[in-house]
Structures are given as C-alpha cells and as structure tokens.
Amino acid sequence: MSVYVQVFEALAGLAGGRVYPILADEGVSTPYIVVQRVGGAPVNFLTGEQPEQKHHRIQVSVWATTAVEAEEVAEQVEQAMRLAVALQPEVLGGAVDTYDELTTYRGTRQEFSLFF
C-alpha cells in the first residue's frame, strides 16, 4: 500500500483533514499538512528477492498563519505518527521551524522513519 495512503490515514483527523502529498492545493486555508517522501533505506537480499516490507523516511510539514498554531498542529502530528504502530514509526528528530516569505505562513517540518 502507498506510503501516502498509510500516512494520510494516520493524520486524517488533523488540520481539518487538509493533508496533501508533496504540495498543498493553491488557495487552501490554514492550517494544513504536507507529506513528502525524503528517502529510506532499501532492504536488499543476496537472492534478489523482493522484501515484503519497505523502509520509508517521510517529512511532514505543517503550515499555519501563526507559529503557535503551527507548533500545536505539529505536536498533534507527532502524537498521531507515534500511535500509528502498524507503520513501526520512529521520530527522527524534533520539529524545525520554517517561514514562507511569499505567503508569510509559519511552519514546522519533522522527519519520521516508517517500516511497513
């Protein structure tokens, strides 16, 4: 199953359901969440067999009009990802603050390791 489908299921109740792959739709209201694959560690067998599970590294970004709102949603994201035990989640670091000059939105981004 797609990594996006799995992560969207985990985050569905957050940010009013505004969760997007790679890039949010133009004109979407805040807060919203963007999920992006940023790598992973392939599982390789000497026999050439295809592994049943894959490792995924994802970045989850939260965008809002204020830093406080972005932080609040980011904390909900981290908790939701930790509770998605079927994905074998690992938090790879704390949230990093960011800012978009064009929209003046404040945001956070955080990476997670998943194995499913």
Quiz item: Does a side-chain heavy-atom distance below 4.5 Å link Phe8 with Ser2?
Solution: no
Quiz prompt | Phe116 side chain reached by Val3 side chain, heavy atoms, under 4.5 Å | solution = yes
Exercise. Examine Val19 and Ile22 and state if one hydrophobic cluster contains both, with Ile, Leu, Val, Met, Phe, Trp and Tyr joined whenever side-chain heavy atoms are less than 4.5 Å apart.
Key: yes
Quiz item: Do you reckon Phe112 sits in the same ILVMFWY cluster as Val7, going by side-chain contacts under 4.5 Å, direct or chained?
Solution: yes
Quiz item: Are there more than 12 heavy atoms of other residues, nucleotides or ligands under 6.0 Å from atom CZ of Arg57?
Solution: yes
Quiz item: Is the number of heavy atoms from other residues, nucleotides or ligands within 6.0 Å of CD (Glu52) greater than 12?
Solution: no
Self-check item: Donor-acceptor pair, side chain of Arg18 and main chain of Pro31, under 3.5 angstrom
Solution: yes
Quiz item: Considering residues at least two apart in sequence or located in another chain, which fulfil the side chain to side chain contact (heavy atoms under 4.5 Å, CB included) criterion with Ala24?
Solution: Tyr20, Val28, Tyr32, Val34
Exercise. Using the test side chain to side chain contact (heavy atoms under 4.5 Å, CB included), find all partners of Thr104 that sit at least two apart in sequence or belong to another chain.
Key: Tyr99, Arg106
Let me have the donor-acceptor pairs involving side chains of residues 79-91, under 3.5 Å, with sequence neighbours excluded, atom names and distances please.
residue, atom, partner, partner atom, Å
Arg82, NE, Glu78, OE2, 3.1
Arg82, NH2, Glu78, OE2, 2.8
Gln88, NE2, Phe115, O, 3.2

For the residue pair [X] and [Y], what are the closest heavy atoms and their distance?
| X | Y | answer |
| --- | --- | --- |
| Ile58 | Leu114 | CD1-CD1, 4.0 Å |
| Thr30 | Ala64 | CB-CA, 3.8 Å |
| Val73 | Ala15 | CG1-CB, 4.5 Å |
| Ala74 | Thr108 | CB-OG1, 3.2 Å |

Quiz item: Just how far is it from atom CD of Glu9 to atom OH of Tyr4, taken to the nearest 0.5 Å?
Solution: 15.5 Å
